[in-house]
Amino acid sequence: VRALAEAAGETAHLAVREPGLTYANLAVRGRTVREVREGQLPTALDLRPDVAVVVAGVNDLLRPRLDAAALREDLLHLHGELTAAGAQTVTFTMPDMARVAPMAVALRGRLRLLNEITLEAGRRHGTLVVDLAAEPVASHPALWHTDRLHGNAEGHRRIGLALAAALGCDVEDWRAPLEEPPARALPRVVLDELAWARGHLLPWAWRHLRGRSSGDERECKRPVLLPVEPA
């Protein structure tokens with residue numbers, strides 16, 4: 001069995017069930033769905049995966065202008081081409097990040113659009129969709145990196161468990177509750193937001209004003225199929 005994944009967590013669990021599993025990771029941070037379609041999809045199809053994890057679209061939401069029709073067409077094309085090639089595609093919806101980043105309220109409409117397209121991929125192409133947006137624990141601050149855009153180690157572990165469960169692996173419950181963080185006073189919230197803006201938002205905005213991306217001059221971590229150690 002060949003697995004092509006954006007996140008590695010579920011592959012170790014699949015390897016228990018599928019001895020000889022091989023895995024490639026073509027992901028490059030900062031890529032839009034169109035860039036994934038043009039730059040990564042052909043390579044993915046050449047690898048002839050049995051399982052493909054497709055996670056794309058958030059970078060499109062962060063651009064000043066969003067072409068909703070193009071986003072939908074490109075994302076459904078990814079799912080459709082991989083499915084037509086014989087891969088079981090797997091993905092997940094994005095949770096509401098307002099608990100982690102209060103400024104993310106401004107992106108709720110776009111996140112809703114991305115999630116609707118993701119669910120449509122499930123209906124049209126048989127993609128297995130883990131609905132993180134429907135699970136409150138998915139937006140728990142303890143699962144997210146300080147940049148508020150990527151999961152931390154525990155966040156990736158839980159996403160891996162969720163994807164493995166969707167593929168029929170016997171794993172622990174990724175929805176296990178977490179202790180609620182202490183309430184923050186308004187001055188603390190303001191200070192935290194200013195620190196995040198200085199450390200993450202402003203550098204991101206400066207890169208994009210210069211037409212650059214965090215993925216510039218980066219290559220994918222695992223371009224070829226290699227064996228996976230079982231969990």
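At a threshold of 4.5 Å between non-hydrogen side-chain atoms, the residues I159 and L163 count as touching. Contact annotation: the side chain of Q40 approaches that of V28 to within less than 4.5 Å [non-hydrogen atoms, C-beta and beyond]. Counting heavy atoms from C-beta outward, V54 and H79 have side chains that approach closer than 4.5 Å. Here the side chains of P223 and T43 are not in contact, with every heavy-atom distance at 4.5 Å or above. Contact of the T89 side chain with the L128 side chain is not registered, since no non-hydrogen atoms from C-beta on lie closer than 4.5 Å. The shortest side-chain heavy-atom distance between T93 and L119 falls under the 4.5 Å cut-off. Side-chain contact between L41 and V36 is absent, with no heavy atoms from C-beta onward closer than 4.5 Å.
When all heavy atoms of V171 and A164 are compared, the pair lying nearest together is CG1-CB, 4.1 Å. Considering all non-hydrogen atoms of both residues, T91 and T127 come closest at CG2-CG2, 3.6 Å. Taking every heavy atom of both residues into account, A85 and L45 meet most closely at CB-CD2, 3.8 Å. Counting all heavy atoms, side chain and backbone alike, E35 lies closest to G30 at OE1-O, 3.9 Å. Here the closest heavy-atom approach between residue V130 and residue A166 is recorded as CG2-CB, 3.8 Å. The minimum heavy-atom distance between A52 and A87, with the atom names listed, is CB-CB, 4.3 Å.
Under the 4.5 Å side-chain contact rule for hydrophobic residues, V55 and L167 share a cluster.
Looking only at atom types and distance, the side chain of H150 has a donor-acceptor partner in the side chain of D147 under 3.5 Å away.
Legend: residues meeting side chain to side chain contact (heavy atoms under 4.5 Å, CB included) with I117, ordered by chain and number and at least two apart, are L71, R72, L75, L76, L113. A search for side chain to side chain donor-acceptor pair (under 3.5 Å) contacts involving R110 returns nothing, not counting sequence neighbours.
In this structure, E116 does not pair ionically with R112, as no charged nitrogen and carboxylate oxygen lie closer than 4.0 Å.
Within the structure, the side chain to side chain donor-acceptor pair (under 3.5 Å) test picks out the following pairs touching residues 160-173 (sequence neighbours left out): R157-E172. Sorted by first and then second residue, the pairs that involve residues 91-106 and meet salt bridge (Lys or Arg N to Asp or Glu O under 4.0 Å), not counting sequence neighbours, are D96-R108, R99-E180.
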Could you tabulate the donor-acceptor pairs under 3.5 Å formed by side-chain atoms of residues 132-144, not counting sequence neighbours?
| from | atom 1 | to | atom 2 | distance (Å) |
| --- | --- | --- | --- | --- |
| E135 | OE2 | R175 | NE | 3.2 |
| S139 | OG | P136 | O | 3.1 |
| H140 | ND1 | A142 | N | 3.0 |
| H140 | NE2 | E179 | O | 2.9 |
| W144 | NE1 | A138 | O | 2.9 |

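V224 belongs to a hydrophobic cluster whose other members, connected by ILVMFWY side-chain contacts under 4.5 Å either directly or through intermediates, are L226.
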Before you tell me yes or no, could you show the steps for R37 and E73 under side-chain contact (heavy atoms from CB on, under 4.5 Å), namely the whole-Å CA-CA distance, both residues' side-chain angles and the distance that decides it to 0.1 Å?
CA-CA 10 Å; R37 174 177 177 171; E73 199 277 328; 2.5 Å; yes
Passes side-chain hydrogen bond (donor to acceptor under 3.5 Å, both in side chains), N59 versus T32? Steps please.
CA-CA 5 Å; N59 289 311; T32 64; over 6 Å; no
Can you check salt bridge (charged side-chain N to carboxylate O under 4.0 Å, His left out) on E38 and R31, steps first, answer last?
CA-CA 11 Å; E38 295 177 348; R31 295 292 190 264; over 6 Å; no
Take N25 and C220 through the test side-chain contact (heavy atoms from CB on, under 4.5 Å) and record every step on the way to the result.
CA-CA 7 Å; N25 187 333; C220 62; 5.6 Å; no
